[in-house]
Each structure stands twice: as C-alpha cells, then as structure tokens.
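Structure record follows, encoded as structure tokens.
Letters go in sequence order (proteins before strands), and every chain restarts at 1.
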Protein chains: 2
Amino acid sequence: MDNSKKDSSKNSKETIQQILSDEIERRGLRKTPERFTILEEIYQTEGHFTVDSLYNQLNEKNYHLSRATIYNTVEFLYECHLVLKHYFHKEAEYEKCFNCKVHHHLVCTKCGMVKEFTDSNIRRDVQTRHYKKFDMTHFSLVVYGLCEKCQNNHQV
Amino acid sequence: MDNSKKDSSKNSKETIQQILSDEIERRGLRKTPERFTILEEIYQTEGHFTVDSLYNQLNEKNYHLSRATIYNTVEFLYECHLVLKHYFHKEAEYEKCFNCKVHHHLVCTKCGMVKEFTDSNIRRDVQTRHYKKFDMTHFSLVVYGLCEKCQNNHQV
DNA sequence: TTTGTTGCAAAACGTTTGCAGCCTC
DNA sequence: GAGGCTGCAAACGTTTTGCAACAAA
C-alpha cells in the first residue's frame, strides 16, 4: 500500500498482467487475448470509464471486441480487484486501481460533475476500523452537494 | 441531530408534510394528493425500498398510482432531502432520512447483502471536513467485502 | 382558465442471456 | 477433443418520455 519504490510503467504493466494471469490460472480459466487487451487499455486510461467509452476507445484503435466481452471482462477484473466499480449515475463507471492512491469522490447533484479528493483521516478511520463479522475488501465514499459553478446559478 | 426531545410520531408526520408543502410552494408547484400519499407511505416504511416495492406496497393498500408518478415523486423528495438514494445494486434504492441517524452501509460482493452500521469518527471526519468550493448536502459510505456467511462458503 | 400533474403505453437505456462457432488448453 | 470464450442479436428490467385527460390554483 505504501511501497517506497514504485514500479516503473514497464514493470507495472508486467505486474498487472501477471496478476490477471495468476487469477485466471487459479480459477482454471483461459488466457484469451481479449482479456489482456482490455486490461491494457484500462491501464492506459486515466480517470473513470464506462463499458461504452471503453468499447469506443478500443474500436478507434481497431480492436473490435463485442460489448458482451467487455462486460464480462470488466466484471472479472473487478472481481480480481484490478478495477473499481462506481454507481455515481445510472450507468456503472470504472477505474483502474492497482498501485493507485485511495481516494474519494465529490458528485454535484445538479450537473453530475465528479471530482476526486483524498483525506487520510477518513481513509484511516474506514480502513482500520473493525467490522464485526465482515471482511472488507474496499470502500467507496461519495460526497454529494453543489459544485462551485452550480452554487452560482441560483435558479432551482 | 441529537435532540433531547424527539418529535412524537404525530408531530414528525406533520413536520415532513410541512417541509414538502413549503418546498412545493417555493418552487411554484402543486400540492397533489399523490405526493403526500407517497411521502406518508415512505415514512411508514423501515429500511430500504425501491420504486417497485413502493408501487406494490401502495397497490396493496388500494392506492393505485402509476409508476411514472412514483418515479417523479421519489426523485422530487430526493431533491428536497426527504429521502436518500443509493445504488448498491443495479436498481436504485431509497430510504427516508428526515430526523434519522446518519449511517453507513456494508455490502457483500458475493450475495448482495446490505447492512447498516454507524461510526461517529467517520461521520465527524466527513461532515466537519472543509470541501474546497463544494457545498456538501449529504454523503454515502459503502464498505464492500464478504459477509460472515459468504466467508464460510469457500468456493470461488 | 391556465398550466402543472397524472396515467398509460411506448420507447430508451444499460445490461444480461442464448447460442453457434471459435480457440485455449 | 473438451469445454470455456467470443460475437451477435434478442431479451430483460429499470427508467424516461410523449401525450391526452385531469385537476390545482
């Protein structure tokens, strides 16, 4: 969580591929090129993405994968804890999470803007707390309110 | 938040009706019986509900309102901060929130179980924090992991 | 009387599923 | 060769929309 030497971009890429590879083996599944393509694309993407945006991104790069495969793979990566899943709006949003800083989200209830912030007190409180008979893997904190712009547009 | 004398059930009912009434007036909208019926039904409901469960509940009591009206009204009550909205799963879940204790949620990523917990340190950290150029109205903390039951069923 | 609201049905939307063919192991 | 995986299209369930009739102000 607080590695003193960070993986270089190259090593990090190999690392996440290794994690995926191991997890596929552990479950007796198959190492398809689609799974590694999707993983790589996700780790080249900054910020949030949706199944649809990922589908379009891959299409533009001439990787023509079906939506069904992207749904399956993203869900699988979520189970492997290689991506996080959020429901800020109706559509599920994801982001890479291996070797990334734990952060929280501000969501404007008027315009839908999403912004990240960090708070070490909150993180510590949530992560070091004892959850009775519950084995925490991760958490999601979303703070709702009005962004600066919407505070100044005073129509209902 | 920690009133020494709590509203009686009667007063609380009048209070929330008043809040809704005021908010409707403030926006120049109309005080329809449907809106007050839905509000009352929600405040008689403990725990989470969905548009569908609310629709069925009202139907059983012979209030035949359309789903569209329930969607509209519940969203309106959310804007008035009379209900909270969650996306634990695919479908939106709601709960009453006026005069209710702030709490957080545990969600089991295997079976979908949702359980509430409270933590005054977390609540304080989130509520007293300064959000730069952001006007917080409420927040949602969801802790994911495995519930007791799913920890003991060790198949993938 | 004006115009917001309701109920209904259809449409839209994100997501899941069934299945034939393909490819990993 | 067996069986998991993919792509396609159809199905699904939730939510939104369009519109005519209704009712609050």
Check: Should the ring pair A/Phe134 and A/Tyr131 be called parallel, tilted or perpendicular, given that the plane angle runs from 0 to 90° and is split at 30 and 60?
Finding: perpendicular
Euclidean distance, atom [atom1] of residue [X] to atom [atom2] of [N] [Å, nearest integer]:
| X | N | atom1 | atom2 | result |
| --- | --- | --- | --- | --- |
| A/Ile24 | D/dG3 | CD1 | P | 20 Å |
| B/Glu93 | D/dT14 | CD | C1' | 13 Å |
| A/Arg27 | D/dC5 | CZ | P | 11 Å |
| B/Leu29 | D/dA23 | CG | P | 19 Å |
| A/Glu75 | C/dT17 | CD | P | 11 Å |
| B/His89 | C/dT16 | NE2 | P | 13 Å |
| A/Phe76 | C/dT16 | CZ | P | 16 Å |
| B/Phe88 | D/dT14 | CZ | P | 17 Å |

Next item on the list: Specify the residue among B/Thr73 and B/Lys90 whose closest nucleotide of DNA chain C lies further upstream toward the 5′ end.
Entry: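 Residue closer to the 5' terminus by nearest nucleotide: B/Thr73.
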Note to self: For the residue pair B/Lys85 and B/Tyr78, would you count it as a cation-pi contact if the rule is NZ or CZ under 6.0 angstrom from the ring centre and within 45 degrees of the ring axis?
What the structure shows: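 Positive - B/Lys85 is close enough to the ring of B/Tyr78 and near enough to its axis.
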Notebook entry, point to check: Within 45° of the ring axis of B/Tyr71 and under 6.0 Å from its six-membered ring centre, is that where the NZ or CZ of B/Arg67 lies?
Noted result: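 No, B/Arg67 does not lie over the aromatic ring of B/Tyr71.
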Give the nucleotide from the list [options] with an atom nearest to the side chain of [X].
| X | options | result |
| --- | --- | --- |
| A/Asn72 | D/dC5, C/dT24, D/dT6 | D/dT6 |
| B/Glu34 | D/dT14, D/dG7, C/dT6 | C/dT6 |
| A/Arg30 | C/dT5, D/dG7, C/dC25 | C/dC25 |
| B/Arg35 | D/dA2, D/dA25, C/dT6 | C/dT6 |

Item checked: Salt-bridge present (B/Lys115, B/Glu148; N to O < 4.0 Å) -> no
Note to self: Please list, in numerical order, the residues of residues 80-87 of chain A that have a heavy atom closer than 4.0 Å to any atom of DNA chain D.
What the structure shows: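 Per residue number, the list is empty: none.
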Checklist line | Sub-4.0 Å heavy-atom contacts from residues 38-71 of chain B onto DNA chain D, ordered by number | finding: B/Ala68, B/Tyr71
Notebook entry, point to check: Are any of B/Thr32's side-chain N or O atoms less than 4.0 Å away from OP1 or OP2 of D/dA23?
Noted result: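 B/Thr32 to D/dA23 OP1/OP2: no side-chain N or O under 4.0 Å.
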Judged by atom type as modelled, is there a donor-acceptor pair below 3.5 Å linking the side chain of [X] to the main-chain atoms of [Y]?
| X | Y | result |
| --- | --- | --- |
| B/His89 | B/Gly112 | yes |
| B/Tyr43 | B/Ile38 | no |
| B/Arg35 | B/Arg30 | yes |

Checklist line | A/Thr73 side chain to A/Glu34 side chain, donor-acceptor N/O pair below 3.5 angstrom | finding: no
Check: Which pair of heavy atoms, one from A/Leu146 and one from A/Cys108, lies closest together, and at what distance?
Finding: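 Of all heavy-atom pairs spanning A/Leu146 and A/Cys108, the closest is CA-SG, 4.0 Å.
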